Trainee: 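This is the structure I have questions about; it appears just below.
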Amino acid sequence: MPEINNYIIKTVKSLSNKHHRDEEGLFVAEGTKCVRDTWEAFNCRWLIATKVWYDQCGHAGHREKIMFANKQQLSRMSQFTTPSEVIAVYETPRYDINPDEVRKGLNIVLDNVQDPGNLGTIIRLADWYGIKNIFASRTSVDVYNHKVVQATMGAIARVKVHYVDLEDLFEEYSELPVYGTFLNGENIYGSMLEKPCFVVFGNEGQGIGAKVERCVTKRLLIPAAPGNGSESLNVGVAAAITISEFMRDSLK
């Protein structure tokens with residue numbers, strides 16, 4: 001059984017930074033539930049835990065990867081204020097885009113979404129509805145940011161997030177309609193919603209950017225009640241309402 005050392009501690013701690021995640025090809029999942037939900041989906045480089053955790057939660061599959069650490073060492077590596085008793089360090093997967101899946105599916109597209117919680121929520125939403133692919137602009141938050149990983153509640157194991165140039169994506173699949181959510185679109189509740197397609201959601205503060213907006217073939221509006229005081233919906237909430245409408249007929 002390998003022993004924890006300063007190199008490993010420093011490496012794990014450095015994975016809070018995207019540059020280091022990209023450089024090392026690694027990302028972190030913390031906590032019993034998160035590790036349990038992701039263990040089968042990714043290749044584990046190191047599983048770092050207290051002996052107490054292993055005795056209570058460990059299994060035969062963990063034996064080759066386990067390294068014991070005390071709470072002080074885990075605190076040095078943890079990306080949370082209150083460290084957990086287990087940290088899994090996974091190898092970052094490389095996904096190929098399956099053209100058949102794209103051409104047959106409902107594809108979520110994110111343009112410069114920045115909040116880790118929003119991305120995590122949208123990944124969970126995709127998983128709930130069986131959506132296999134999310135396409136994100138290269139300026140969107142990193143899916144392997146530890147806050148995103150935690151927020152997905154294990155859905156990161158089943159949904160692929162591809163970082164691409166969105167204009168090139170729409171050009172390659174030009175036969176598919178591109179829907180976008182706007183404050184001046186057509187009422188979604190009376191719209192004909194076609195699948196397969198792309199559905200675009202924009203930045204939390206600025207919405208869909210001008211370049212991507214030019215690619216949208218149908219603008220949708222989630223109508224507010226008369227006299228409401230909110231300027232807009234959170235992007236995770238907007239995505240949930242919109243995708244629910246797209247899935248309505250197929251789930252009856």
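Because the structure is predicted, anything quoted here is derived from the model rather than measured. All values below were derived from every heavy atom in this structure, side-chain atoms included, with hydrogens, water molecules and symmetry-related copies excluded.
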Trainee: Has the side chain of Asn107 got a donor or acceptor atom that lies under 3.5 Å from a matching backbone atom of Cys197?
Mentor: yes
Trainee: Tell me whether Glu194 is salt-bridged to Lys218, with the criterion being a basic N under 4.0 Å from an acidic carboxylate O.
Mentor: no
Trainee: What's the spacing between Leu176 CG and Arg103 CZ if we round to 0.5 Å?
Mentor: 7.5 Å
Trainee: Do any N or O atoms from the side chain of Ser78 and from the backbone of Phe80 form a donor-acceptor pair under 3.5 angstrom?
Mentor: yes
Trainee: Within 45 degrees of the axis of the six-membered ring of Phe182 and under 6.0 Å from its centre: does Arg219 put its NZ or CZ there?
Mentor: yes
Trainee: Does a side chain donor of either Asn203 or Asp111 reach within less than 3.5 Å of an acceptor in the other side chain?
Mentor: no
Trainee: Which atom pair, heavy atoms only, marks the closest approach of Ile156 to Ile123?
Mentor: N-CG2, 4.0 Å
Trainee: Grab the two heavy atoms, one from Lys71 and one from Glu85, that are nearest each other, plus how far apart they are.
Mentor: CE-OE2, 4.0 Å
Trainee: Taking only residues two or more places apart in sequence, or in another chain, which ones meet Tyr179 in a side chain to side chain donor-acceptor pair (under 3.5 Å)?
Mentor: none
Trainee: Taking all atoms of both residues into account, what is the closest heavy-atom pair of Gly236 and Asn118, and its distance?
Mentor: N-OD1, 4.1 Å
Trainee: Could you tell me if Asn112 and Thr139 have a donor-acceptor pair between their side chains, going purely by distance under 3.5 Å?
Mentor: yes
Trainee: Below 30° counts as parallel, above 60° as perpendicular, anything between as tilted: where do the rings of Tyr90 and Phe42 land?
Mentor: tilted
Trainee: So, for Ser140 and Gln114, which heavy atoms are closest and what is the spacing to 0.1 Å?
Mentor: CA-NE2, 3.9 Å
Trainee: So, does Glu167 use its side chain to make a donor-acceptor pair with the main chain of Val212 at under 3.5 Å?
Mentor: no
